[in-house]
Amino acid sequence: MKALIIGGAGFVGGYLIRELASAGWDAEVTCLPGEKIAADCMRYELDILRKEDIAAVIAESAPDVIFHLAAQSSVAVSWKKPGLTAEVNVIGTINVLEAVREAEKSGIRMLLIGSGEEYGFIRSGACPITEDEVLRPGNVYAATKACQGMLGEIYARAYKMDIVMVRAFNHSGPGQLPAFVISDFCRQIAEIEKGMREPVISVGNLEAMRDFTDVRDVVRAYRLLAEKGTPGQTYNVGRGKAVKIQYILDTALSMAALPIEVRRDPARMRASDIPLIEPDTAKIRDDTGWSAEISMEQTINDTLGYWRNNI
Ligand code: A2R
């Protein structure tokens with residue numbers, strides 16, 4: 001199988017390249033000019049806001065499957081740059097869908113990577129959330145990803161295109177930016193161990209319950225969905241077992257080389273924090289056999305190891 005990963009220079013892209021290669025796929029990637037790719041493979045420079053360029057890359061690569069990862073993927077940035085976020089995540093996705101629709105090679109399968117954020121303000125009692133739950137996005141990023149998923153469904157239905165939609169819940173692992181909680185805690189601990197700051201870790205709301213999956217499990221889910229997912233369908237990707245952020249903190253601190261004091265930082269508290277977000281994962285399990293295999297302790301241990309070597 002030949003894959004084209006659009007937006008392959010990001011956090012998930014590097015892991016997906018390795019996952020596909022280890023399963024015997026031939027993977028090519030696109031990246032923005034100047035971006036580096038985390039593995040040795042054929043690369044194309046591509047901005048998805050230039051539709052004619054997408055068509056040229058697809059014609060040259062002639063993939064069996066396109067993994068569409070390219071996005072403005074930060075919730076925080078989406079508040080500051082809503083127009084850019086909508087342009088990249090919505091218009092960019094339309095450009096990719098149109099380029100595939102018009103491609104000479106027919107029957108290209110697409111995976112559109114969306115987010116658990118799309119569910120937004122979850123009704124109390126709705127967890128674990130199934131894929132047919134109503135979407136109530138609570139931020140600009142989430143709204144654009146909900147829109148991406150709807151466009152995927154529309155193109156699959158109207159043009160009989162082979163498109164699978166994904167809603168990925170929190171994922172983490174070595175190399176993730178410290179804007180995400182596991183990476184943030186691990187980086188702070190690594191900095192403290194190196195004597196770069198006082199032995200105090202800053203934390204936000206520790207009571208919220210969230211569902212975390214290792215990025216290496218997540219990319220295996222993407223490969224299996226590309227191999228076995230049903231066209232036109234949307235799949236939750238997550239562990240299906242939320243934990244309190246307090247548990248992540250305690251686990252990370254238990255791995256620290258010295259005692260660390262915990263300090264609550266009001267700036268890290270979010271007024272609208274939803275108490276529990278947890279996906280129902282029966283659909284992906286039934287259709288592909290996938291479930292998360294890497295423990296949270298392993299993810300935290302490996303992420304801490306990454307920061308110890310990369311501060
Ligand atoms: O924003 P940058 O400079 O980090 O570049 C990102 C790239 N990207 C684009 N690629 C092509 N044309 C554009 N106009 C464009 N704008 C941004 O897409 C980055 O290299 C890549 C997305 O990678 P990350 O931001 O690291 O996301 P991650 O964690 O790999 O997540 C993959 C997908 C995204 O669609 C998320 O929204 C979803 O999974 O959760």
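All residue numbers refer to positions in the sequence shown, counting from 1. If you're wondering where the values come from, they're calculated on a predicted model, not measured in any experiment. All ligand and atom numbering here is 1-based and tracks the order in the structure.
- Heavy atoms of other residues, nucleotides or ligands lying less than 6.0 angstrom from CD of E104 number 12 at most.
- Ring orientation note: the planes of F67 and W25 are tilted relative to one another, at an angle of 30° to 60°.
- Contact shell of ligand 1 (protein heavy atoms, cutoff 4.0 Å): G7, A9, G10, F11, V12, L32, E35, L46, D47, I48, L69, A70, A71, S73, V88, I113, G114, Y141, K145.
- Evaluation of the salt bridge (Lys or Arg N to Asp or Glu O under 4.0 Å) rule for R136 yields E133 as partners, not counting sequence neighbours.
- Checked for salt-bridge contact, E28 and K2 meet the test: a charged N lies under 4.0 Å from a carboxylate O.
- Annotation: side-chain hydrogen bond (donor to acceptor under 3.5 Å, both in side chains) contacts of Q246 (sequence neighbours excluded): D250.
- Screening residues 182-196 for salt bridge (Lys or Arg N to Asp or Glu O under 4.0 Å) gives D184-R268, R187-E191, E191-R197, E193-R308 as the qualifying pairs, with residues at least two apart or on separate chains.
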